[in-house]
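Report on one structure; see the data block that follows.
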Protein chains: 2
Amino acid sequence: MLRRKPAEDRKTEIVEALLDLADRIGPDRLTTNDIAREVGVTQAAIFRHFPTKAELWAEAGEVIAGRLTEAWQQALASERTPKGRLRALVAAQLKQIETTPALPTILHSRELNVENANLRDRFRGLLTVFQRLLAENLEGMVVDGSMTRHVQPEDAAVLLTSLVQGIAIRWSLGSRGFALQAEGRRLLDVQLEILACGE
Amino acid sequence: MLRRKPAEDRKTEIVEALLDLADRIGPDRLTTNDIAREVGVTQAAIFRHFPTKAELWAEAGEVIAGRLTEAWQQALASERTPKGRLRALVAAQLKQIETTPALPTILHSRELNVENANLRDRFRGLLTVFQRLLAENLEGMVVDGSMTRHVQPEDAAVLLTSLVQGIAIRWSLGSRGFALQAEGRRLLDVQLEILACGE
DNA sequence: ATCATATGTTAGTGTGCACTCACTTACAAG
DNA sequence: CTTGTAAGTGAGTGCACACTAACATATGAT
């Protein structure tokens with residue numbers, strides 16, 4: 001028998017394995033056996049730490065929610081201008097996706113959303129918060145003149161979240177053939193440029 | 001025993017049921033039993049028409065590819081100006097998504113993409129074609145002055161495909177709480193407006 | 001009206017799944 | 001060094017899955 005670890009460490013390992021495998025084989029194809037093999041324990045051991053697979057997903061959801069929220073807070077605190085905060089928010093989101101590539105798949109997966117209503121609501125709430133943070137800073141940009149008055153901040157926020165999602169999907173399906181963060185920031189600046197013009 | 005139908009009709013029914021269920025319960029959760037119940041035959045009957053489940057998905061992929069290609073051709077033929085064609089392309093895409101809501105889920109699902117390599121390549125090719133059609137017409141818009149020279153047509157094409165994807169996802173996860181086509185066209189016009197300015 | 005056959009059914013098969021239970025042993029506190 | 005407990009195992013359970021084989025009959029061509 002191999003090394004035994006305290007429950008908290010093992011739980012973390014299991015959640016990390018889940019996030020990794022969700023990216024490689026898909027959130028729904030993922031079995032407890034896959035996770036166990038990845039962690040290096042038997043399949044039964046998974047259930048020593050999580051009563052059901054659904055509970056395991058719930059825990060993973062909490063981890064994701066925590067990471068995103070913290071990343072957003074740091075982004076907001078790191079810059080003083082609305083435009084700076086906006087760019088920091090998008091950059092933070094791209095960085096989160098790059099370190100946890102399963103994120104878009106999990107957030108938007110109809111699979112998970114169908115059977116785990118709590119998780120779905122949690123994620124939907126998260127995305128709403130992100131959208132609202134973007135819109136608030138876009139309003140600030142209208143005030144300080146770095147964005148046109150001819151576009152509603154809410155509409156611009158939709159354009160920006162779509163941009164992040166679209167790039168993430170293209171990156172994910174295209175076997176990560178380009179640098180996500182660099183490409184994302186470049187296109188964000190293109191979008192911000194045309195949002196600024198005419199004022 | 002109920003009505004017997006010619007194989008071709010039944011195959012069509014089965015594919016339609018698959019597309020419908022892919023939307024309701026997810027492309028990967030979908031079982032042959034679900035399909036059979038929806039169609040109104042026994043599960044074994046499915047395999048009378050398709051040798052394997054993978055072949056059934058392949059057929060569904062062909063159907064989707066055909067519909068999209070035809071919709072794009074009609075859109076291109078229906079308008080004379082680059083801007084008109086561009087708007088028709090996006091409108092056609094939104095309409096296809098509205099009539100087959102499983103489309104985004106299927107096109108971007110990592111689930112399917114993992115185990116059916118042919119299908120993945122087929123879909124990736126489709127999306128590339130769409131992107132190229134957009135880029136071509138954006139180039140035309142640069143020439144006729146309806147789009148700024150400061151943005152590369154390829155970049156603008158990425159912004160537009162992201163827009164369609166982003167709205168489709170929001171529509172899909174948000175329980176279809178708004179009119180997809182209307183909202184999509186509205187945001188497209190917002191984006192085209194700011195893409196035009198400064199020239 | 002007859003009949004070949006294509007479309008269907010019933011009743012399976014083997015496989016992999018989430019999850020359980022009886023049992024073991026590594027580990028740390030006294 | 002002893003010992004209680006938490007972390008792990010091995011061997012299962014029942015269930016749902018994709019898929020099959022043997023048999024039945026509705027249907028269309030003659």
Side-chain angles (χ1 to χ4, degrees), chain A residues 1-19 21-22 24-61 106 109-112 114-119, chain B residues 1-19 21-22 24-61 106 109-112 114-119:
Chain A
M1 189 185 301
L2 283 181
R3 181 91 214 283
R4 260 181 213 183
K5 298 192 181 178
E8 204 149 331
D9 295 9
R10 200 56 105 183
K11 283 178 95 161
T12 306
E13 276 188 24
I14 291 170
V15 169
E16 287 310 312
L18 175 120
L19 292 176
L21 289 167
R24 279 155 47 197
I25 64 183
D28 198 64
R29 308 198 83 74
L30 189 60
T31 70
T32 52
N33 224 326
D34 295 327
I35 300 171
R37 201 179 312 118
E38 181 86 359
V39 171
V41 294
T42 59
Q43 186 238 18
I46 303 296
F47 292 93
R48 182 69 59 188
H49 299 284
F50 297 95
T52 64
K53 201 188 178 190
E55 291 271 352
L56 169 52
W57 270 110
E59 174 69 17
I106 293 176
S109 150
R110 192 148 257 282
E111 314 292 333
L112 275 183
V114 165
E115 70 167 24
N116 199 329
N118 288 345
L119 208 56
Chain B
M1 188 184 298
L2 282 181
R3 181 88 214 284
R4 260 180 214 185
K5 299 192 181 177
E8 204 148 332
D9 295 9
R10 199 58 102 185
K11 285 178 93 161
T12 306
E13 276 188 24
I14 291 170
V15 169
E16 287 309 312
L18 175 118
L19 292 176
L21 289 166
R24 279 155 48 198
I25 63 181
D28 199 64
R29 307 197 82 74
L30 190 60
T31 71
T32 52
N33 224 326
D34 295 327
I35 300 172
R37 200 179 313 119
E38 182 86 356
V39 171
V41 293
T42 60
Q43 186 239 17
I46 303 295
F47 292 92
R48 184 67 63 186
H49 298 283
F50 297 95
T52 64
K53 202 188 179 189
E55 291 271 351
L56 170 52
W57 270 111
E59 174 68 17
I106 292 175
S109 150
R110 191 149 257 281
E111 313 292 335
L112 275 182
V114 165
E115 70 168 25
N116 199 329
N118 288 345
L119 209 56

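Atom set for the values below is all heavy atoms of this structure, side chains included, hydrogens, waters and symmetry mates excluded.
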In whole angstrom, what separates [X]'s [atom1] from [N]'s [atom2]?
X: B:Arg3; N: D:dT27; atom1: CZ; atom2: C1'; value: 9 Å
X: A:Trp57; N: C:dC19; atom1: CH2; atom2: P; value: 14 Å
X: A:Asp28; N: C:dC17; atom1: CG; atom2: C1'; value: 12 Å
X: B:Ile46; N: D:dT20; atom1: CD1; atom2: C1'; value: 15 Å
X: A:Arg10; N: C:dA26; atom1: CZ; atom2: P; value: 14 Å
X: B:His49; N: D:dT20; atom1: NE2; atom2: P; value: 15 Å

For A:Glu55, all residues meeting side-chain hydrogen bond (donor to acceptor under 3.5 Å, both in side chains), sequence neighbours excluded =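 By the side-chain hydrogen bond (donor to acceptor under 3.5 Å, both in side chains) rule, A:Glu55 matches no residue at all.
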
note = Under a 4.0 Å heavy-atom criterion, the protein footprint on nucleotides 1-6 of chain D, written with B, S and -, is -----B

query = Charged N to carboxylate O under 4.0 angstrom, A:Lys11 versus A:Glu8?
reply =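 Looking at A:Glu8 together with A:Lys11, the answer is no, because their closest N to O distance does not fall below 4.0 Å.
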
Test: B:Glu38 and B:Arg24 ion pair at under 4.0 Å =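 Answer for the salt bridge query: yes.
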
key: Residue that, paired with A:Trp57, satisfies side chain to side chain contact (heavy atoms under 4.5 Å, CB included) out of A:Leu18, A:Thr52, A:Asn118   =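 Going through A:Leu18, A:Thr52, A:Asn118 one by one, the side chain to side chain contact (heavy atoms under 4.5 Å, CB included) with A:Trp57 is satisfied by A:Leu18 alone.
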
request  = Consider the side chain of A:Arg48, meaning its heavy atoms from C-beta on, and name the nucleotide among C:dT9, D:dA7, C:dT7 that approaches it most closely.
outcome  =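 Per side-chain heavy atoms of A:Arg48, the pick is D:dA7.
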
Enumerate all atom pairs, one protein N or O and one N or O from nucleotides 16-18 of chain D, separated by less than 3.5 Å.
| unit_1 | atom_1 | unit_2 | atom_2 | d |
| --- | --- | --- | --- | --- |
| D:dA18 | OP1 | B:Thr32 | N | 3.4 |
| D:dA18 | OP1 | B:Lys53 | NZ | 2.7 |
| D:dA18 | OP2 | B:Thr32 | N | 3.0 |
| D:dA18 | OP2 | B:Thr32 | OG1 | 2.7 |
| D:dA18 | N7 | B:Gln43 | NE2 | 3.2 |

ask   = At their closest point, which heavy atom of B:Ala17 faces which heavy atom of B:Val39, and how far apart are they?
value =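 Smallest heavy-atom distance, with atoms named: CB-CG2, 3.7 Å.
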
Beyond-backbone contact of B:Asn33 with B:Ile46, side-chain heavy atoms, under 4.5 angstrom =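 With C-beta onward as the side chain, the pair stays apart.
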
request  = Only one of B:Lys53, B:Arg37, B:Gln43 passes side-chain hydrogen bond (donor to acceptor under 3.5 Å, both in side chains) with B:Thr32; say which it is.
outcome  =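 For B:Thr32, the side-chain hydrogen bond (donor to acceptor under 3.5 Å, both in side chains) check succeeds only for B:Gln43.
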
message = Between B:Asp9 and B:Pro6 (side chain of the first, backbone of the second, donor and acceptor by atom type, cut-off under 3.5 Å), is there such a pair?
response =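 Not a single qualifying donor-acceptor pair exists.
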
